[in-house]
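Taking it in order: structure first as structure tokens, then the write-up.
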Amino acid sequence: MKIVSIQVGQPQALQSPDPVKTKPSRDTSWFSAISKTPVEGPRFLGLTNLADDAQADLKNHGGPDKAVCAYAHEHYAHWQSHYALPELPHGAFGENFTTLGWQEAILCIGDTLAVGNAEGNAGEASGVVVQVSQPRQPCWKLARHWQIDDLVHQVQTIGYTGWYFRVLQEGMVQAGDQLHLVERPYPHLTLAEANRLMHHDKDDWDAIAVLAACPLLSASWRNNLTHRLRTHAPATITDRLFGVSPSQ
């Protein structure tokens with residue numbers, strides 16, 4: 001269970017058409033940091049970001065609850081086969097950490113992981129400690145990046161979303177570092193369960209209440225779920241899936 005690749009990127013102006021067929025008039029110009037490049041050697045991981053990494057949309061990305069975006073290497077084979085793609089490089093889903101051995105059905109909200117060296121000694125190489133805060137909610141930029149109109153819908157439906165880490169202890173990280181489970185306070189709240197309640201079984205109110213009450217769930221998810229509990233009205237996902245303006 002380890003980090004197999006680390007990627008960073010900066011916001012940049014991009015040019016590509018909207019792949020969603022119902023949005024043919026969408027401007028081809030957009031702004032994003034979704035293009036991530038693998039890096040070699042140690043990289044400093046701070047409380048809100050990896051060194052030399054940044055986000056274009058600070059309302060929905062980055063910050064203490066979303067310091068690191070992670071994605072499972074095991075999912076890559078599915079997408080290559082599903083879309084008949086010749087190759088998908090690590091970082092294809094805009095992730096900072098491409099991991100091996102951790103997936104949404106295994107990881108739980110609040111899982112605390114120590115980053116260790118290649119010999120498997122927890123924390124000895126870096127002292128870095130991270131904690132799972134929420135599943136990643138894919139947005140329209142992923143579809144535009146790869147020019148696949150239904151990619152976001154497929155990622156959300158299948159549940160291969162990836163996830164976010166908050167950083168409890170800063171330090172240096174690098175590809176090959178092991179990820180050791182230190183603590184699992186909420187074993188019943190897997191990322192797969194959180195995705196189920198957010199995207200599929202939206203009226204499972206008892207289970208949603210349990211998830212919303214988890215203090216280690218990200219603030220944005222707790223606020224979203226608390227609002228749904230209060231109003232019994234699922235939040236609209238149109239903006240996230242398709243964007244809200246031609247210039248976005």
Side-chain angles (χ1 to χ4, degrees), residues 3 5-12 31-37 39 43-72 75 90-99 102-104 107-115 128-142 145 152 155-156 159-171 173 177 179 185-186 189-195 197-199 211-212 214-227 235 237 239-241 243 248:
I3 302 169
S5 181
I6 293 179
Q7 293 78 221
V8 299
Q10 292 288 320
Q12 57 183 307
F31 195 64
S32 178
I34 195 170
S35 297
K36 304 293 185 184
T37 302
V39 294
R43 182 78 35 157
F44 181 74
L45 176 60
L47 295 179
T48 58
N49 233 335
L50 270 166
D52 300 320
D53 189 61
Q55 296 80 33
D57 177 7
L58 295 178
K59 178 181 178 182
N60 296 303
H61 303 286
D65 280 341
K66 302 176 184 178
V68 179
C69 181
Y71 201 75
H75 297 337
H90 287 154
F93 289 82
E95 78 271 18
N96 302 117
F97 288 178
T98 309
T99 68
W102 292 108
Q103 298 180 43
E104 293 82 356
L107 278 169
C108 302
I109 301 299
D111 275 5
T112 300
L113 307 176
V115 182
V128 172
V129 180
V130 297
Q131 186 177 72
V132 177
S133 61
Q134 67 163 80
R136 185 234 192 125
Q137 287 184 279
C139 74
W140 60 273
K141 292 181 180 181
L142 184 61
H145 179 58
V152 177
V155 167
Q156 183 169 288
Y160 292 171
T161 56
W163 60 90
Y164 285 105
F165 288 123
R166 62 172 62 91
V167 178
L168 302 185
Q169 187 169 317
E170 301 173 310
V173 295
D177 280 347
L179 293 169
Y186 301 99
L189 296 180
T190 64
L191 292 172
E193 170 70 355
N195 276 329
L197 296 172
M198 178 63 77
H199 304 304
L211 179 60
C214 176
L216 298 184
L217 184 66
S218 70
S220 61
W221 269 54
R222 281 188 282 114
N223 291 338
N224 183 311
L225 295 172
T226 299
H227 174 76
I237 61 172
D239 292 353
R240 175 170 58 81
L241 294 184
Q248 190 171 21

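Please read these numbers as outputs of a predicted model, since none were measured by experiment. Quick note: numbers below take in every heavy atom, side chains included, and nothing from hydrogens, waters or symmetry partners.
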Can you sort out the partners of S220 under side-chain hydrogen bond (donor to acceptor under 3.5 Å, both in side chains), two or more places apart, ordered by chain and number? Q134, S218
Sequence neighbours excluded, the answer for side-chain hydrogen bond (donor to acceptor under 3.5 Å, both in side chains) partners of N96 is D53
With R222, which residues qualify under salt bridge (Lys or Arg N to Asp or Glu O under 4.0 Å), at least two apart? none
Contacts of type side-chain hydrogen bond (donor to acceptor under 3.5 Å, both in side chains), residue T190, not counting sequence neighbours: none
Sequence neighbours excluded, which residues qualify as side-chain hydrogen bond (donor to acceptor under 3.5 Å, both in side chains) partners of T98? Q7, E95
Holding to side-chain contact (heavy atoms from CB on, under 4.5 Å), I want the full list of residues that pass it with A70, two or more places apart in sequence or in another chain. F97, T99, W163, F165
Contacts of L168 that satisfy side-chain contact (heavy atoms from CB on, under 4.5 Å) - sequence neighbours left out: T112, V129, Q131, R166
According to side-chain contact (heavy atoms from CB on, under 4.5 Å), who are the partners of T48, at least two apart in sequence or on a separate chain? P64
Salt bridge (Lys or Arg N to Asp or Glu O under 4.0 Å) involving E104 - partner list, sequence neighbours excluded: none
Suppose we screen for ring-ring contact (aromatic ring centres under 6.0 Å, His included). Which residues come up paired with Y186, at least two apart in sequence or across chains? none
Could you pull out all residues at least two apart from A67 that satisfy side-chain contact (heavy atoms from CB on, under 4.5 Å)? V167
Considering non-hydrogen atoms only, spot the tightest contact between V155 and P138 and give its length. CG1-CG, 3.8 Å
